[in-house]
Amino acid sequence: MSAFRITIDPVACDAYGYCAELLPEAITLDEWGYPCVNGNPLPDELLAAAKRAARDCPRRAVTLQAKESAR
Amino acid sequence: MADTLATTGSYQLLGHPADLSGHVRTLGPLPTGSSPAWVDSFWSALGASGLGGRGGAAFPTSLKLGALNRHPGPAVIVVNAMEGEPVSHKDKVLLNRAPHLVLDGALLLAQASGAQRIVVCVPIGRDQVAESVQHALSERDRVAYSTIPVTLVRPPDRFVAGEESALAAWINSGRSLPTHRPDKSIPLRLGKERALVHNAETLAHVAMIGRFGAAAFRSRGLPEEPGTMLITISGAVAHPGVVEVACGTPLRDVVARANPTSELRALLVGGYAGAWVAPHHFVTPYASIPLRTIGASAGVGVVVALGTDQCGVCTTARIARYMASQSAGQCGPCVFGLPAIADDLHQLSAGRTDVQWRDRIERRLTQVDGRGGCRHPDGVVRMVRSALEVFAAEVVAHQAGMSCNDHVDTAVAR
Amino acid sequence: MNSTWLWYATRATGIVALILLTATMVLGIATVKRSRARNWPGFAQQEMHRRISMLSVVFLGLHVLTSVLDTFVSIGWASVLIPFTSSYDRVWVGVGTVALDLMVAVFVSSLLRARMKPGTWRAVHWLAYLSWPVALAHTFGMGTDAGEPWVIGLGVACILSVAVAVLWRLQATSRPVPASLPVVAPRERVAQHG
């Protein structure tokens with residue numbers, strides 16, 4: 001059972017906020033609407049929601065990495 | 001600005017003749033070579049020297065070259081003389097006093113990477129530095145010093161324009177926008193070429209190591225942080241200027257070289273993106289690890305002296321305001337967070353804080369830290385955090401309503 | 001196939017495609033960025049926008065298919081994609097073809113989104129803003145049901161909803177980007193301080 005990590009490209013991000021809606025366990029919004037990601041690896045139960053967040057982001061700013069390859 | 005203060009000791013960048021014939025006469029000819037054996041021995045020398053970048057990131061120079069050489073294809077060496085840090089003048093001085101050292105360093109890296117060209121970047125507005133570079137280039141042309149073409153370009157003079165990915169982006173597309181680079185082992189690209197971007201001072205050290213070897217470089221400085229570094233000293237000193245010191249020289253000895261005019265309240269070390277250091281830490285060596293342990297950063301070689309008659313809070317507010325204006329404008333936490341922090345400091349400076357002021361600024365500092373595409377917001381956060389600690393007494397006084405005569409009463413961000 | 005049946009199908013699917021296109025536009029325009037907390041599931045609106053746009057392409061396809069298959073009037077396959085080449089009502093069928101071309105461009109670019117630069121995709125997506133008024137013009141220009149009160153009412157409702165969405169979006173930017181702050185001449189300012 002492997003975990004995974006979420007990274008957000010800060011240059012691409014335009015604060016739509018959908019990632020925080022879909023993954024409140026891992027992403028919260030700062031006072032300006034930009035996402036703060038909890039840096040810990042996330043359990044597989046959240047993978048489906050995370051994939052949805054990556055797919056729904058209008059700026060393609062959200063990417064997922066399997067924990068083994070994350071830096 | 002006073003003349004450069006010369007240093008003593010066998011290894012030094014400053015103090016050699018600036019003209020080409022004097023340079024070659026004093027330091028010997030440039031080592032040439034391109035065979036794999038030569039490249040290998042040069043690369044080992046760089047690694048053994050322990051040289052790290054002098055542009056602020058201190059990344060090991062040999063690792064950067066190694067990463068570049070692992071990716072095949074044409075390459076270009078970029079000389080970064082942008083020096084966006086307003087209180088730093090070392091690269092200007094270096095290019096005036098020792099342009100051939102810098103150019104030699106670029107040449108050696110070109111030989112070691114197969115690069116076909118060199119680009120020197122001097123910002124718009126620094127015409128005197130540009131002329132010095134042009135003069136050195138024409139000296140070299142006249143004697144056909146090397147076959148690798150060198151071009152001089154003039155990017156805009158903005159703080160982030162000297163960040164290496166922003167510089168590469170400008171050369172590529174005319175826009176100084178840093179790129180988000182989570183993996184720095186993949187070299188920067190200029191179109192089809194890989195780019196090796198180095199600070200001017202780093203290249204000067206490369207030229208010295210290429211001639212005299214790693215041991216010469218290591219003869220000064222600390223074992224873990226060898227060599228010399230150029231430091232710009234300014235502020236409450238009688239003789240502001242650029243000095244060359246061995247890495248690891250205690251801060252108080254560094255600032256003593258410029259003759260402080262009064263008792264000092266604090267030192268700003270590393271530049272506007274560095275950190276404030278309190279008097280009881282003035283014994284700290286100017287080196288990455290010792291400075292990091294006290295919450296500061298070596299950054300770019302800069303020491304600004306703050307006299308006891310000056311206000312650290314108001315100075316910090318002004319610096320934060322400037323740094324906020326220098327955002328590349330790409331990332332929300334920087335675009336919104338830095339002006340908000342600058343506003344908070346402005347309120348403090350004006351003695352107009354509310355009860356939630358401290359919690360708010362602490363929250364904002366945490367939110368902004370590490371969430372930009374480049375290190376610009378991180379540096380501001382570090383500098384402001386250090387100010388809140390070092391100037392704790394002044395913070396309390398300002399929170400109680402004090403405002404200094406010289407606080408800047410400009411319009412706040414909307 | 002019964003020509004009359006096809007004729008009704010063309011008109012019906014056309015109207016439905018227009019309504020779905022309007023809904024797609026409204027859902028896409030009425031998004032807000034940089035908002036801290038809200039009770040509205042923005043991700044759901046985004047997903048609806050995508051699904052309804054696909055539905056509108058389906059109905060557009062049916063509209064085109066039935067109109068070409070209908071032998072009562074002559075609209076060849078070529079004029080489905082090449083504007084102003086139909087022998088029947090060259091102008092207004094042509095306008096419809098323009099709308100279709102624009103919608104196809106938007107649709108295809110979204111399918112290939114991962115393979116293109118974000119700026120390119122964004123530029124093509126803005127063509128959608130053009131396809132909607134062109135589709136509206138085609139609907140009323142064709143004239144078949146354009147005189148019917150309910151069709152006129154529908155047209156007005158479409159225009160109003162997009163107008164409202166645009167106005168709402170223009171005023172709803174919840175946080176304006178800070179203007180570049182005045183640069184405090186930094187060089188030696190700290191040094192000369194005091």
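Below, chains carry the letters A, B, ... as their sequence lines are ordered, and counting in each starts from 1. Computed from heavy atoms alone, side chains included, the values below leave out hydrogens, waters and symmetry copies. Note that this is a predicted model, so its numbers are computed, not measured.
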Any residue of residues 56-71 of chain B which, by heavy atoms, sits under 4.5 Å from chain A: none

Parallel, tilted or perpendicular, as decided by the 30° and 60° cut-offs, for the rings of Tyr34(A) and Phe336(B): tilted

Proximal to chain B - members of residues 10-21 of chain A, heavy-atom separation under 4.5 Å: Pro10(A), Val11(A)

Over 12 foreign heavy atoms within 6.0 Å of CZ, Arg189(B): yes

Residue of the set Arg371(B), Arg364(B), Gln367(B) for which side chain to side chain donor-acceptor pair (under 3.5 Å) holds with Asp30(A): Arg371(B)

For Trp32(A) against Gly337(B), the heavy-atom pair lying closest together: CH2-CA, 3.4 Å

Residue Trp357(B) excluded, over 12 heavy atoms near CH2 under 6.0 Å: yes

Over 12 foreign heavy atoms within 6.0 Å of CD, Glu389(B): no

Residue Arg181(B) excluded, over 12 heavy atoms near CZ under 6.0 Å: yes

